[in-house]
> 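Structure provided below as structure tokens; questions to follow.
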Amino acid sequence: MSTGAMNVSVKNNLNLLSKRDKLRNTLGGYNPNSKTEYNLPTASTKQLKDLSKRLKEEHKIRTLKVILLTAILFILLLCIFLYSTEGIIELITY
């Protein structure tokens, strides 16, 4: 790589950096000194307990569905495997 090409490459890279900084500042950028304020609603202990119960019930139902689906798929794959092994045994015995 010649010296001229290297200088052009460095100049182009520096131009890209300055554009990134300008773009970052025009879109709001990041200010480490600013603090984000959240307007979160307050909940009573009864609401939190109700939410906890509901989430536990949903988790139990989801777990039950996953276990049932896994068991059904396992039985189905087991049946397919046994059926295919019977066919293979018949082919071998002939």
Side-chain angles (χ1 to χ4, degrees):
M1 178 185 274
S2 68
T3 308
M6 186 172 57
N7 287 335
V8 169
S9 177
V10 169
K11 181 181 173 186
N12 288 338
N13 288 339
L14 288 175
N15 286 338
L16 288 174
L17 284 175
S18 65
K19 288 179 183 176
R20 285 188 203 134
D21 289 338
K22 290 177 188 174
L23 182 63
R24 189 180 315 142
N25 290 333
T26 58
L27 292 177
Y30 173 73
N31 187 1
N33 296 329
S34 67
K35 291 188 177 183
T36 307
E37 293 184 17
Y38 298 103
N39 187 12
L40 298 174
T42 57
S44 66
T45 55
K46 183 181 182 304
Q47 288 174 332
L48 292 175
K49 286 180 182 177
D50 292 340
L51 180 64
S52 175
K53 283 182 184 179
R54 186 169 49 109
L55 289 176
K56 286 179 183 177
E57 285 297 319
E58 288 177 4
H59 181 64
K60 284 180 185 178
I61 292 171
R62 187 178 302 122
T63 305
L64 182 63
K65 286 180 182 178
V66 168
I67 290 171
L68 287 175
L69 183 65
T70 304
I72 290 170
L73 288 175
F74 178 74
I75 292 171
L76 181 66
L77 288 174
L78 185 65
C79 291
I80 291 172
F81 177 74
L82 291 175
Y83 179 74
S84 65
T85 54
E86 288 177 5
I88 292 172
I89 291 173
E90 288 179 13
L91 288 175
I92 293 173
T93 56
Y94 287 126

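We number each residue from 1, following the sequence as shown. No hydrogens, no waters, no symmetry mates; every other heavy atom, side chains included, goes into these values.
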> Applying side chain to side chain contact (heavy atoms under 4.5 Å, CB included), name anything that partners Ser44, two or more places apart in sequence or on another chain.
Lys46, Gln47
> Once side-chain hydrogen bond (donor to acceptor under 3.5 Å, both in side chains) is applied, what residue pairs with a partner in residues 54-75 remain, sequence neighbours excluded?
none
> May I ask you to list the residues sharing a hydrophobic cluster with Val66, side-chain cutoff 4.5 Å, ordered by chain and number?
none
> Give the other cluster members for Leu51, using side-chain heavy-atom distances under 4.5 Å between Ile, Leu, Val, Met, Phe, Trp and Tyr residues; answer none if it is isolated.
Leu55
> Working to the nearest 0.5 angstrom, can you tell me the gap between Leu77 CG and Ile72 CD1?
12.0 Å
> Apart from Val8 itself, what residues make up its hydrophobic cluster, given side-chain heavy atom links below 4.5 Å?
none
> Starting from Leu73 and following side-chain heavy-atom contacts under 4.5 Å between hydrophobic residues (I, L, V, M, F, W, Y), which residues can be reached?
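Answer for Leu73: Leu69.
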> Counting N and O atoms only, with roles assigned by atom type, does the side chain of Ser84 sit under 3.5 Å from a partner on the main chain of Ile80, one being a donor and the other an acceptor?
yes
